[in-house]
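Here is the structure we will look at.
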Protein chains: 2
Amino acid sequence: MISQAMEDYLKAIYKLQQTIKPVPTSALAEHMGFSPASVTNMCKKLAELNLLHYEPYQGVVFTEAGLQVALEIIRHHRLIELYLSKALNVPWDQVHAEAEKLEHVISEDLEDRMAEMLGDPQFDPHGAPIPSRNGTIFRPESESLIDMKAGNRFVVVEVNDDDSELLRYLGTIGLYPGTELLLVERAPFDGPLTLKVAGKQHNLGYQAAKSVRVAPVETSQEPS
Amino acid sequence: MISQAMEDYLKAIYKLQQTIKPVPTSALAEHMGFSPASVTNMCKKLAELNLLHYEPYQGVVFTEAGLQVALEIIRHHRLIELYLSKALNVPWDQVHAEAEKLEHVISEDLEDRMAEMLGDPQFDPHGAPIPSRNGTIFRPESESLIDMKAGNRFVVVEVNDDDSELLRYLGTIGLYPGTELLLVERAPFDGPLTLKVAGKQHNLGYQAAKSVRVAPVETSQEPS
DNA sequence: CCAAAGGTTTAGGTAAGTCTAACCTAGAGG
DNA sequence: CCTCTAGGTTAGACTTACCTAAACCTTTGG
């Protein structure tokens, strides 16, 4: 009933609707690399199945059912990523590609077993939150490193999982979720950022910095 | 290049060619539940790809390349079965269905990691041999329980993995690969067989007995 | 109120895998 | 050795699932 292509659309819609609601079909088309016509087509199908509310010229919004399906797939994806990383030592820059394929064929039973084995984890290896079995998800506050001011300390909360080259680089400088960093300085305009991680300085390109989400570190821990 | 459907054909051909060579297209059609026309069609495609030698009206035989592909898929399938069984405690009557889906999407890298984690195992949970990475396979001598005479002792070598109801029953009576049994008696014609397993007697239907492959137990261990 | 940006419709294409129905072939029995 | 039939093949068409290009329609903002 729900094809793999449909699942990919729902995942993309989930991602986009965190920024824009309703999601314009053009944004979807761009994100997925399909023509706008294809996207309109598929959106109508998904609306038929009551997974989306589709208003011509306005874009799409999830129905409750659609949101649940999307979260289920995302749960698959992120649990698989974490499982591969922890149980089979797959490097964190490879788990995304593997999970892309596995998420569509894994059974709920298998997923439950993996979740149990991992102790019902909250986050995947890139810091993205794993939706719970009943479809709730909690995303911690974070901001893109690109918007931060030099001279402050941050913790890495989450990084983009789909650029494996970037992940490999971040790995070499030790920039994982939970890692602390100091934003030393920012070159003007779209220039690179200079970071200090574990005592060593590194440069991070402007584009790369967009993919790193951080939270400010509390330097003093006095409560109010 | 090689689609999932093709992989399924190659698997089926591998199974059948253990009994008949060359494999008649009609046998394949019956085994897979497709029309003879569809099978002829696909066999021609696979021959195009140099995976099969196809002689019209005679049937198909693997090329070396085709055999390697078939063994690779079978290795995927059986390693996955064993992995699910050992690492995630999936019951042995369910692993086949899961493996059917996963075998088509798993990467070589992941497979290697699973194999390593399992210590390069020789057999899957049903006793079927796992082809080695370089495509060699060793199947121990065994005969179907259906052909054995009453009054003798046997070890279970292998059982069919695709009948999950049967597997569940065999599980309840403790009949796994490696288990010893005594064939107490056989009802005439196509009647059930009476077995003694771990001191308890059980009946096994005629059809079920076909799926159980055994080897005779050496009662005396004096060498010649 | 109108233009252009954005979105939709229509019509059409491709690819993979399947089937039906008509036809051919091999080989066994008369 | 010929013929009949079971088995196998061919041709053609269908389905499903997805995609596109190009023409057309709508919305929105100046």
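So you know, we letter chains A, B, ... as the sequences are listed, proteins then strands, and number each from 1.
One finds a side-chain N or O of B:S26 lying less than 4.0 angstrom from the OP1 or OP2 phosphate oxygen of D:dG8. Taking only side-chain nitrogens and oxygens, B:T25 never comes nearer than 4.0 Å to OP1 or OP2 of D:dG7. Contact annotation: A:K44 does not reach the phosphate of C:dT8 (side-chain N/O to OP1 or OP2, under 4.0 Å). Here B:T40 does not reach the OP1 or OP2 of D:dT10: none of its side-chain N or O atoms lies under 4.0 Å away.
With distances taken from any side-chain atom of A:P36 to the nucleotides D:dC19, C:dT8, D:dA21, the minimum falls on C:dT8.
Backbone-only engagement by B:A5 is indicated by non-hydrogen atom pairs under 4.0 Å involving sugar-phosphate atoms exclusively. Within the nucleic acid shown, A:S3 comes within 4.0 Å of sugar-phosphate atoms alone, with no base atom in reach, counting heavy atoms only. Within 4.0 Å of A:S35, counting heavy atoms only, lies at least one base atom of the nucleic acid.
Computed from coordinates, the B:E30 CD to D:dG8 C1' distance equals 15 Å when rounded to whole Å. In this structure, A:M42 atom CE and D:dT20 atom C1' are separated by 14 Å, rounded to whole Å. Atoms NE2 (B:H104) and P (C:dG17) sit 11 Å apart, rounded to a whole Å.
The existence of a salt bridge linking A:K86 and A:D124 is excluded, since no basic side-chain nitrogen approaches an acidic carboxylate oxygen closer than 4.0 Å. We find that B:E108 and B:R133 are joined by a salt bridge, their nearest charged nitrogen and carboxylate oxygen being less than 4.0 Å apart.
Taking every heavy atom of residues 53-60 of chain B and every atom of DNA chain D, pairs under 4.0 Å involve B:Y54, B:P56, B:Y57, by number.
Crowding of A:E30 atom CD: a count of heavy atoms from other residues, nucleotides or ligands under 6.0 Å not exceeding 12.
For the side chain to side chain contact (heavy atoms under 4.5 Å, CB included) with B:L183, the qualifying choice from B:L204, B:T194, B:L193, B:N152 is B:L193, the only one to do so.
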Give the intermediate values and the outcome of side chain to side chain donor-acceptor pair (under 3.5 Å) for residues B:H126 and B:E158.
-> CA-CA 6 Å; B:H126 314 99; B:E158 182 179 347; over 6 Å; no

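Between A:H96 and A:H77, the gap from one ring centroid to the other is short of 6.0 Å.
For the residue pair A:R168 and A:T172, no side-chain donor N or O sits within less than 3.5 Å of a side-chain acceptor on the partner.
Closest-nucleotide positions on DNA chain D for B:P24 and B:N41 were compared, and the one nearer the 5' end corresponds to B:P24.
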